[in-house]
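Take a look at the structure set out below.
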Amino acid sequence: MLGSVAEILALAGGIVLVAAAVLVCVSIALRWATSNSIPGDFELVQIAVAISAFAFLPFCQMRRGNISVNTFTTRLPPWFRDGLDALWDFVYALAAGFIAWRLSIGAAETIANRTTTMVSGLPIGWAIAATSVMAVLLAIAALATAWQLVRRAR
Amino acid sequence: MSGTTIASVGFAAMLLLIALRMPVGLAMLLTGSVGYVSIVGLPPFLSYMKSTPYHLFANYTLSVIPLFVLMGAFAERSGLSSDLFRAAARALGQRKGGLSMAVIGASTLFGAICGSSVATTATFSRAALPELRRYGYDPALASATVAVGGTLGILVPPSVILIVYAIATEQNIVKLFQAALIPALLATAFYCVVIAWVARRDPKAAPPVFVEASEKSWQGVWPALVVAVIVIGGIYGGVFTPTEGASVGAVAMLIVGIARRTLGLAEIRTSLLQTAETTGMIFLILLGAEVFNSFLALSRLPTEAAEAIAGSGYPPLAILSMLLGLYILLGAVMDELAMVLLTLPVFFPVVSALDFGLPAEEVAIWFGILVLIVVGIGLVAPPIGLNVFVVAAIAKDTSLTAMYWRVLPFVAADLVRLALVVVFPVLALLLVRLLN
């Protein structure tokens with residue numbers, strides 16, 4: 001269930017990324033044809049990449065795509081390695097929860113200040129709020145992977 | 001405790017956590033956070049974390065990474081690598097070792113579209129490895145060729161490692177991409193020389209063969225060539241920024257794939273998920289490195305280490321060689337991306353403080369290319385060459401030891417190339433000087 005939520009979120013992030021790439025192409029074409037590009041196109045790319053990168057994190061965790069070094073632990077018994085991995089998943093969940101908390105405060109302040117991007121005037125606060133929500137999903141994904149390891153051990 | 005003591009303890013703790021299988025990005029994030037708090041206290045850290053994760057990911061320079069990953073994923077899923085390989089195999093197959101050379105040549109071209117060595121290795125493991133074995137090539141040699149060819153994914157621009165280097169050291173990505181080209185073509189030439197030498201000594205391992213390939217494989221090659229030339233040429237010539245080049249490349253590869261009917265909905269979906277996994281992995285490491293490096297900067301360890309080493313009186317080339325040697329050792333046991341991000345905050349100020357008789361910017365660019373070459377060596381050298389593992393995961397019947405024996409002559413060629421670029425910085429800097 002959670003796996004498919006993470007996958008849908010990752011696909012949505014991928015579509016946002018493709019959309020940003022298309023937008024840049026249109027902007028370049030306009031620049032050549034009319035010497036006026038889409039104003040603030042780079043700000044849209046920044047927001048799109050930040051949102052899609054956060055959307056990718058829960059999926060990456062569910063797939064165990066994060067790099068770790070296993071050179072020094074190959075001789076440990078499998079249950080011990082699983083235990084370590086479960087512990088680190090739990091730590092990752094705490095870190096993601098912390099990041100979500102801090103980002104939510106950052107988002108609230110930015111929304112209250114009405115901070116917008118320089119050229120296109122987009123409200124940045126809502127983009128930060130979106131990343132905060134996805135950090136919550138990341139924390140849930142990390143807890144789920146920890147739980148999978150614990151259940152396998154029993 | 002002084003800042004440098006805290007930083008040393010932080011470094012040790014981080015390495016210990018990494019050795020205990022903690023994901024590398026998380027280990028940097030955690031020790032960086034604890035170190036940050038212990039130097040300046042909790043309130044500044046809480047305020048730092050309110051905006052940093054967002055603003056780091058919303059960095060325009062960084063946005064080039066997921067876009068290039070996307071472009072590479074579309075290229076990979078649309079079967080470009082097998083077209084490139086077939087075209088090259090038809091041209092080179094009759095020579096001794098010709099199919100191995102075809103892998104190297106096709107990897108070089110693919111490297112101009114893909115910025116990741118693991119992706120390049122994986123795609124040629126599927127596209128070329130079975131063919132080489134079918135034509136009677138020694139399985140270990142075939143696997144070694146694919147693993148070594150995979151390093152061209154990062155040696156040829158675009159290159160994820162170079163982008164990360166540019167961000168970590170605040171250098172110009174375009175100039176780094178320009179500087180990488182001549183050393184990358186040298187790598188292609190050296191690898192082909194090694195293959196010719198191996199094929200002469202051991203003719204049974206790499207027999208000359210005649211490869212039937214239809215005209216269709218050329219139809220797959222030319223659109224890819226055009227895209228690569230537009231993207232790399234456009235970035236070199238300043239027609240567009242790297243982010244714009246990557247966007248154009250990603251959209252162009254998508255259109256080419258759809259037009260050739262090799263990218264259906266299922267393949268597009270796989271490409272997007274692959275992009276998600278790779279980007280997520282890279283961005284977690286970038287976030288960890290950002291926090292850890294802020295902590296290091298607060299501790300003043302990098303500046304003090306740089307002053308101490310630069311003032312030690314050793315000749316600059318000796319210090320540089322020592323650093324590169326350290327990279328080769330680290331690269332043998334560590335993930336290359338994390339290694340670069342972890343060491344640069346300390347190594348880069350050291351190198352910048354040394355006098356090589358070059359302007360500061362040229363030293364920075366030259367060092368970036370040297371780091372790229374040692375990272376390439378780390379990707380194939382025993383005991384932990386990531387590319388060799390990627391091939392071994394697909395060629396399950398070939399022993400790792402046999403593969404490493406076949407990799408060694410290529411590593412020797414890489415060391416010669418590294419020495420050449422150390423002694424003649426102009427190999428990296430020539431194109432930068434000509435184009436700017």
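The structure presented is a predicted model; accordingly, all values stated were derived computationally and were not measured. Below, chain A is the first sequence line, B the second, and so on; all start at residue 1.
With values rounded to the nearest 0.5 angstrom, K50(B) atom NZ is found 3.5 Å from E109(A) atom CD. F42(A) CZ to S63(B) OG: the interatomic distance, rounded to the nearest 0.5 Å, is 11.0 Å. Taking CE from M22(B) and CG from D89(A), the interatomic distance works out to 10.0 Å, rounded to the nearest 0.5 Å. Between L30(B) atom CG and W88(A) atom CH2 the span is 8.0 Å, to the nearest 0.5 Å. In this structure, the separation between SG on C25(A) and CD on E244(B) is 9.5 Å, given to the nearest 0.5 Å. In this structure, CG on L272(B) lies 6.5 Å from CD1 on I15(A), to the nearest 0.5 angstrom.
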Under the side-chain contact (heavy atoms from CB on, under 4.5 Å) rule, what do L70(B) and V18(A) come out as? Steps first, then yes or no, please. CA-CA 8 Å; L70(B) 185 67; V18(A) 174; 3.8 Å; yes
For Q46(A) and N59(B): C-alpha separation, side-chain torsions, deciding distance, then whether side-chain contact (heavy atoms from CB on, under 4.5 Å) applies. CA-CA 6 Å; Q46(A) 287 175 328; N59(B) 175 330; 5.9 Å; no
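Contact count versus chain A (heavy atoms, under 4.5 Å) is highest, among V251(B), L337(B), T243(B), L273(B), for L273(B). Looking only at heavy-atom pairs under 4.5 Å with chain B, the residue among I124(A), L103(A), T131(A) that has the most is L103(A). Put simply, of L57(A), I67(A), V49(A), the one with the most heavy-atom pairs under 4.5 Å next to chain B is I67(A). Ranked by heavy-atom pairs shorter than 4.5 Å toward chain B, the options I51(A), L87(A), L84(A), T110(A) are led by L84(A). Note on L284(B), I18(B), T279(B): by heavy-atom pairs under 4.5 Å with chain A, the leading option is L284(B). Listed options T241(B), V239(B), L287(B) were ranked by heavy-atom pairs under 4.5 angstrom with chain A; first place goes to V239(B). Ranked by heavy-atom pairs under 4.5 Å with chain B, the list A53(A), C60(A), A95(A) is led by C60(A).
Contacts of I28(A) with chain B are made by side-chain atoms alone, with heavy-atom separations under 4.5 Å and no backbone atom involved. Proximity to chain B is absent for every atom of A135(A), based on heavy atoms less than 4.5 angstrom apart. When heavy atoms are compared at a cutoff of 4.5 Å, L17(A) approaches chain B by way of both its backbone and its side chain. Within the 4.5 angstrom heavy-atom criterion, only side-chain atoms of F59(A), from C-beta onward, approach chain B. Contact annotation for R31(A): only side-chain heavy atoms (C-beta onward) come within less than 4.5 Å of a heavy atom of chain B. The part of D85(A) that comes within reach of chain B is its side chain, from C-beta onward, which places non-hydrogen atoms under 4.5 angstrom from that chain. Heavy atoms closer than 4.5 Å to chain B are found nowhere in E43(A), neither backbone nor side chain.
The six-membered or imidazole ring of F283(B) lies away from that of F56(A), with a centre-to-centre distance of 6.0 Å or more.
Taking every heavy atom of both residues into account, G65(A) and M281(B) meet most closely at O-CG, 3.3 Å. Heavy-atom minimum distance, A276(B) versus A10(A): CB-CB, 3.8 Å. Scanning both residues, L67(B) and A21(A), for their nearest heavy atoms gives CD2-CB, 3.9 Å.
R102(A) places a side-chain N or O within 3.5 Å of a backbone atom of L46(B) that can act as its donor or acceptor partner.
Ring geometry for F57(B) against F54(A) counts as tilted: the plane angle lies between 30° and 60°, on a 0 to 90° scale.
Using a 4.0 Å cut-off between a side-chain N of Lys or Arg and a carboxylate O of Asp or Glu, E277(B) and R64(A) do not qualify as a salt bridge.
More than 12 heavy atoms of other shown residues, nucleotides or ligands fall within 6.0 angstrom of atom OH in Y48(B). Under a cut-off of 6.0 angstrom, the local environment of OH in Y60(B) is crowded, with over 12 non-hydrogen atoms contributed by other residues, nucleotides or ligands.
Residues L20(B) and F72(A) fail the side-chain proximity criterion, which asks for heavy atoms closer than 4.5 Å. In this structure, the side chains of L11(A) and R269(B) come closer than 4.5 Å at one or more pairs of heavy atoms. Side-chain contact between I99(A) and L29(B): present, with at least one pair of heavy atoms (C-beta onward) separated by less than 4.5 Å. You'll find the side chain of V24(A) stays beyond 4.5 Å of the side chain of V248(B), heavy atoms only.
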